[in-house]
Amino acid sequence: MKKAKSLLVLSDMHHPYSHPDTVPFLKAVKAKYKPDTVVCIGDEADFHDASFHDSDPDLDSAGVELEKAIKGLKPIYKLFPKVTVIESNHGSMVLRKALVGKIPRKAIKSYNDVLDAPKGWKWVFDTIIQTPLGPVYFCHGKSGAAGRLASQYGMSCVQGHFHERAQIMYISTPEKLMFDAHTGCLANDKSLALGYNKINPKRPIISILVIINGIPHIVPMVLNSNGRWIKSL
Ligand SMILES: [Fe+2]
(Lines give C-alpha, C1' and ligand atoms only; values in the text may rest on other atoms or scores of the structure.)
Protein backbone atom coordinates (compact mmCIF):
# COMPACT_ATOMS: atom_id res chain seq x y z
CA MET A 1 0.00 0.00 0.00
CA LYS A 2 1.21 3.49 -0.89
CA LYS A 3 2.39 5.46 2.14
CA ALA A 4 1.39 9.09 2.68
CA LYS A 5 4.54 11.21 2.81
CA SER A 6 2.83 14.57 3.19
CA LEU A 7 -0.56 14.27 4.81
CA LEU A 8 -2.73 17.30 5.52
CA VAL A 9 -5.57 17.20 8.04
CA LEU A 10 -8.26 19.86 7.50
CA SER A 11 -9.76 20.60 10.88
CA ASP A 12 -13.37 21.48 11.86
CA MET A 13 -14.19 24.23 9.32
CA HIS A 14 -17.90 24.57 10.23
CA HIS A 15 -18.91 26.23 6.93
CA PRO A 16 -20.43 28.75 6.54
CA TYR A 17 -19.08 29.71 9.94
CA SER A 18 -15.43 29.05 9.11
CA HIS A 19 -12.62 31.46 9.91
CA PRO A 20 -12.69 34.21 7.22
CA ASP A 21 -9.05 33.50 6.27
CA THR A 22 -9.52 29.73 5.86
CA VAL A 23 -9.05 29.68 2.05
CA PRO A 24 -5.90 31.86 1.80
CA PHE A 25 -4.45 30.01 4.80
CA LEU A 26 -5.09 26.62 3.19
CA LYS A 27 -3.66 27.84 -0.13
CA ALA A 28 -0.44 28.77 1.67
CA VAL A 29 -0.42 25.44 3.53
CA LYS A 30 -0.86 23.55 0.25
CA ALA A 31 1.98 25.49 -1.42
CA LYS A 32 4.33 24.87 1.50
CA TYR A 33 3.61 21.21 2.29
CA LYS A 34 2.39 19.90 -1.11
CA PRO A 35 0.18 17.21 0.45
CA ASP A 36 -0.19 13.87 -1.37
CA THR A 37 -3.04 12.86 0.96
CA VAL A 38 -5.76 15.02 2.54
CA VAL A 39 -8.12 14.12 5.37
CA CYS A 40 -10.97 16.37 6.53
CA ILE A 41 -11.47 15.44 10.16
CA GLY A 42 -15.21 16.32 10.11
CA ASP A 43 -17.49 19.28 10.88
CA GLU A 44 -16.84 20.51 7.34
CA ALA A 45 -20.30 22.17 7.56
CA ASP A 46 -22.01 23.41 10.69
CA PHE A 47 -25.75 22.81 10.06
CA HIS A 48 -26.46 25.16 12.97
CA ASP A 49 -30.13 25.78 12.14
CA ALA A 50 -30.76 22.10 11.38
CA SER A 51 -29.20 20.90 14.65
CA PHE A 52 -30.87 19.25 17.64
CA HIS A 53 -30.11 22.35 19.74
CA ASP A 54 -31.87 25.71 19.75
CA SER A 55 -30.68 27.83 16.83
CA ASP A 56 -29.93 31.53 17.00
CA PRO A 57 -32.88 33.55 15.59
CA ASP A 58 -30.45 36.10 14.13
CA LEU A 59 -28.80 33.49 11.91
CA ASP A 60 -29.86 32.04 8.54
CA SER A 61 -32.49 29.36 8.03
CA ALA A 62 -31.25 25.80 7.38
CA GLY A 63 -31.69 26.17 3.61
CA VAL A 64 -29.85 29.49 3.30
CA GLU A 65 -27.14 28.21 5.63
CA LEU A 66 -26.59 25.13 3.47
CA GLU A 67 -26.27 27.27 0.31
CA LYS A 68 -23.71 29.45 2.08
CA ALA A 69 -21.85 26.37 3.37
CA ILE A 70 -21.58 25.03 -0.20
CA LYS A 71 -20.33 28.42 -1.41
CA GLY A 72 -17.69 28.36 1.33
CA LEU A 73 -16.66 24.79 0.50
CA LYS A 74 -16.34 25.29 -3.29
CA PRO A 75 -12.86 26.89 -3.12
CA ILE A 76 -11.77 24.07 -0.77
CA TYR A 77 -13.01 21.48 -3.35
CA LYS A 78 -10.91 23.27 -5.97
CA LEU A 79 -7.82 23.32 -3.75
CA PHE A 80 -8.21 19.69 -2.65
CA PRO A 81 -10.26 17.62 -5.14
CA LYS A 82 -9.49 14.31 -3.37
CA VAL A 83 -10.29 14.19 0.33
CA THR A 84 -11.22 11.48 2.82
CA VAL A 85 -13.86 13.06 5.06
CA ILE A 86 -14.59 11.72 8.52
CA GLU A 87 -18.24 11.59 9.60
CA SER A 88 -18.95 13.90 12.52
CA ASN A 89 -21.59 15.31 14.81
CA HIS A 90 -22.08 18.50 12.73
CA GLY A 91 -21.15 17.15 9.29
CA SER A 92 -23.63 14.28 9.61
CA MET A 93 -26.49 16.44 10.93
CA VAL A 94 -28.80 15.89 7.95
CA LEU A 95 -28.33 12.12 8.16
CA ARG A 96 -28.81 12.12 11.94
CA LYS A 97 -32.02 14.13 11.61
CA ALA A 98 -33.31 11.83 8.87
CA LEU A 99 -32.67 8.71 10.96
CA VAL A 100 -34.56 10.24 13.90
CA GLY A 101 -37.41 10.81 11.43
CA LYS A 102 -37.29 7.07 10.53
CA ILE A 103 -36.16 7.79 6.97
CA PRO A 104 -34.22 4.78 5.62
CA ARG A 105 -30.72 5.43 4.25
CA LYS A 106 -31.82 4.48 0.71
CA ALA A 107 -34.14 7.50 0.70
CA ILE A 108 -31.44 9.91 1.88
CA LYS A 109 -29.14 11.91 -0.41
CA SER A 110 -25.41 11.24 -0.27
CA TYR A 111 -23.04 13.65 1.47
CA ASN A 112 -21.69 14.54 -2.00
CA ASP A 113 -25.17 15.49 -3.24
CA VAL A 114 -26.05 17.50 -0.13
CA LEU A 115 -22.82 19.50 -0.19
CA ASP A 116 -22.26 19.56 -4.00
CA ALA A 117 -18.92 17.89 -3.28
CA PRO A 118 -16.78 16.36 -6.04
CA LYS A 119 -16.54 12.58 -6.45
CA GLY A 120 -13.06 12.68 -4.93
CA TRP A 121 -14.55 13.61 -1.54
CA LYS A 122 -15.36 10.35 0.21
CA TRP A 123 -17.06 10.13 3.60
CA VAL A 124 -16.13 7.37 6.06
CA PHE A 125 -16.73 6.85 9.76
CA ASP A 126 -13.00 6.49 10.42
CA THR A 127 -9.89 5.44 8.53
CA ILE A 128 -6.32 4.22 8.89
CA ILE A 129 -3.63 5.66 6.61
CA GLN A 130 -0.11 4.27 6.28
CA THR A 131 2.85 6.62 6.71
CA PRO A 132 6.61 5.88 6.54
CA LEU A 133 6.61 5.58 10.35
CA GLY A 134 3.53 3.36 10.67
CA PRO A 135 -0.27 3.48 10.51
CA VAL A 136 -2.29 6.48 11.72
CA TYR A 137 -5.93 6.21 12.81
CA PHE A 138 -8.31 9.12 12.09
CA CYS A 139 -11.71 9.75 13.70
CA HIS A 140 -13.70 12.90 14.46
CA GLY A 141 -13.37 12.88 18.25
CA LYS A 142 -13.50 9.97 20.65
CA SER A 143 -11.35 11.32 23.48
CA GLY A 144 -10.10 14.77 24.33
CA ALA A 145 -7.49 13.49 26.78
CA ALA A 146 -3.99 13.78 25.36
CA GLY A 147 -2.56 10.34 24.66
CA ARG A 148 -5.61 8.28 25.61
CA LEU A 149 -6.84 7.08 22.22
CA ALA A 150 -3.39 6.13 20.90
CA SER A 151 -2.73 4.21 24.13
CA GLN A 152 -6.03 2.34 23.80
CA TYR A 153 -5.69 1.59 20.08
CA GLY A 154 -1.95 0.88 20.07
CA MET A 155 -1.30 3.13 17.08
CA SER A 156 -0.90 6.81 16.29
CA CYS A 157 -4.22 8.68 16.28
CA VAL A 158 -5.54 12.02 15.00
CA GLN A 159 -8.78 13.65 16.14
CA GLY A 160 -10.56 16.99 15.69
CA HIS A 161 -13.83 17.96 17.44
CA PHE A 162 -12.18 19.54 20.49
CA HIS A 163 -11.68 23.04 19.07
CA GLU A 164 -9.53 24.29 21.91
CA ARG A 165 -7.08 21.39 21.66
CA ALA A 166 -4.17 21.52 19.24
CA GLN A 167 -1.74 19.10 20.78
CA ILE A 168 0.63 16.25 20.04
CA MET A 169 1.66 13.73 22.66
CA TYR A 170 4.20 11.00 22.01
CA ILE A 171 3.88 7.59 23.61
CA SER A 172 6.59 4.98 23.49
CA THR A 173 6.38 1.28 24.22
CA PRO A 174 9.22 -1.27 24.18
CA GLU A 175 8.11 -1.98 20.61
CA LYS A 176 7.30 1.38 19.01
CA LEU A 177 6.81 5.12 19.11
CA MET A 178 3.30 6.52 18.59
CA PHE A 179 1.69 9.94 18.67
CA ASP A 180 -1.75 11.11 19.72
CA ALA A 181 -2.78 14.38 18.04
CA HIS A 182 -5.66 16.86 18.18
CA THR A 183 -5.89 19.26 15.25
CA GLY A 184 -7.48 22.46 16.59
CA CYS A 185 -10.10 23.94 14.22
CA LEU A 186 -10.78 26.39 11.39
CA ALA A 187 -14.06 27.70 12.78
CA ASN A 188 -14.90 31.37 13.30
CA ASP A 189 -15.07 31.86 17.04
CA LYS A 190 -16.86 35.20 16.54
CA SER A 191 -19.84 33.59 14.79
CA LEU A 192 -23.11 33.42 16.72
CA ALA A 193 -23.30 29.76 15.64
CA LEU A 194 -20.26 29.05 17.80
CA GLY A 195 -21.85 30.86 20.74
CA TYR A 196 -21.82 27.67 22.84
CA ASN A 197 -18.02 27.99 22.93
CA LYS A 198 -18.19 31.16 24.96
CA ILE A 199 -18.81 29.41 28.27
CA ASN A 200 -15.60 27.43 27.77
CA PRO A 201 -12.68 29.33 29.33
CA LYS A 202 -10.33 27.62 26.86
CA ARG A 203 -10.36 29.48 23.55
CA PRO A 204 -10.39 27.67 20.21
CA ILE A 205 -7.07 27.21 18.46
CA ILE A 206 -7.15 27.95 14.72
CA SER A 207 -4.78 25.41 13.23
CA ILE A 208 -4.34 22.40 10.98
CA LEU A 209 -2.13 19.34 11.25
CA VAL A 210 0.38 18.01 8.75
CA ILE A 211 2.12 14.64 9.00
CA ILE A 212 5.41 14.79 7.11
CA ASN A 213 7.15 11.42 6.64
CA GLY A 214 5.21 10.12 9.63
CA ILE A 215 5.99 13.04 11.96
CA PRO A 216 3.04 15.25 13.01
CA HIS A 217 3.27 19.05 13.11
CA ILE A 218 0.61 21.54 14.16
CA VAL A 219 0.46 24.60 11.89
CA PRO A 220 -1.34 27.42 13.71
CA MET A 221 -3.08 30.26 11.88
CA VAL A 222 -1.42 33.08 13.81
CA LEU A 223 -3.90 35.92 14.25
CA ASN A 224 -3.45 39.67 14.71
CA SER A 225 -5.34 41.73 17.30
CA ASN A 226 -8.37 41.85 14.97
CA GLY A 227 -8.53 38.07 14.78
CA ARG A 228 -7.24 37.96 11.18
CA TRP A 229 -4.43 35.78 9.85
CA ILE A 230 -1.01 37.51 9.75
CA LYS A 231 -0.46 35.90 6.30
CA SER A 232 2.67 34.04 7.28
CA LEU A 233 3.12 30.35 8.10
FE1 LIG B 1 -16.29 21.04 15.41
Side-chain angles (χ1 to χ4, degrees), residues 8-23 25-26 29 38-56 59-60 62 65-66 68-73 76-77 80 83-97 111 114-115 117 121 123-127 137-146 148-149 157-168 180-210 216 218-221 223 227 229:
L8 166 63
V9 188
L10 302 174
S11 49
D12 297 56
M13 294 183 283
H14 287 259
H15 285 285
Y17 307 115
S18 62
H19 189 280
D21 296 321
T22 294
V23 173
F25 175 69
L26 290 178
V29 165
V38 182
V39 173
C40 171
I41 204 75
D43 288 1
E44 62 282 2
D46 192 88
F47 292 106
H48 170 76
D49 191 49
S51 86
F52 289 95
H53 302 289
D54 291 337
S55 57
D56 193 301
L59 288 175
D60 292 323
E65 186 189 328
L66 176 56
K68 287 186 179 175
I70 292 168
K71 204 172 160 204
L73 280 162
I76 314 282
Y77 299 153
F80 306 111
V83 175
T84 299
V85 193
I86 306 297
E87 293 182 346
S88 57
N89 51 324
H90 284 267
S92 304
M93 193 64 74
V94 173
L95 176 65
R96 292 167 62 204
K97 276 291 183 87
Y111 286 102
V114 172
L115 290 174
W121 279 51
W123 274 257
V124 294
F125 178 73
D126 56 8
T127 194
Y137 174 78
F138 297 82
C139 67
H140 180 56
K142 290 184 177 177
S143 174
R148 183 178 292 163
L149 197 63
C157 291
V158 176
Q159 300 173 84
H161 184 62
F162 304 95
H163 292 189
E164 75 287 2
R165 286 169 217 188
Q167 57 197 20
I168 296 166
D180 188 274
H182 290 79
T183 59
C185 73
L186 288 170
N188 182 5
D189 185 42
K190 291 188 168 58
S191 162
L192 291 172
L194 277 292
Y196 58 86
N197 253 338
K198 289 195 170 50
I199 55 165
N200 187 348
K202 293 179 185 162
R203 304 317 306 143
I205 296 167
I206 313 301
S207 58
I208 53 96
L209 186 89
V210 288
I218 287 165
V219 182
M221 184 198 287
L223 306 176
W229 180 37

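Atoms within each ligand, like the ligands themselves, are counted from 1 in listed order.
Summary: OD2 is the N/O/S atom of Asp43 found nearest to the Fe ion (ligand 1). With respect to the Fe ion (ligand 1), Asp12 has OD2 as its nearest N, O or S atom.
Here the side chains of Met13 and Leu73 are in contact, with some heavy-atom distance below 4.5 Å.
Counting heavy-atom neighbours within 6.0 Å of Lys97 NZ, excluding the residue itself, gives a total above 12. For Arg96, the CZ atom sits in a packed shell: over 12 heavy atoms of surrounding residues, nucleotides or ligands are nearer than 6.0 Å. With a 6.0 Å radius and a threshold of 12 heavy atoms from other residues, nucleotides or ligands, Lys71 has its NZ atom at or below the threshold.
The Fe ion (ligand 1) is the vertex of the angle joining NE2 of His14 and NE2 of His163, which measures 90° to the nearest 10°.
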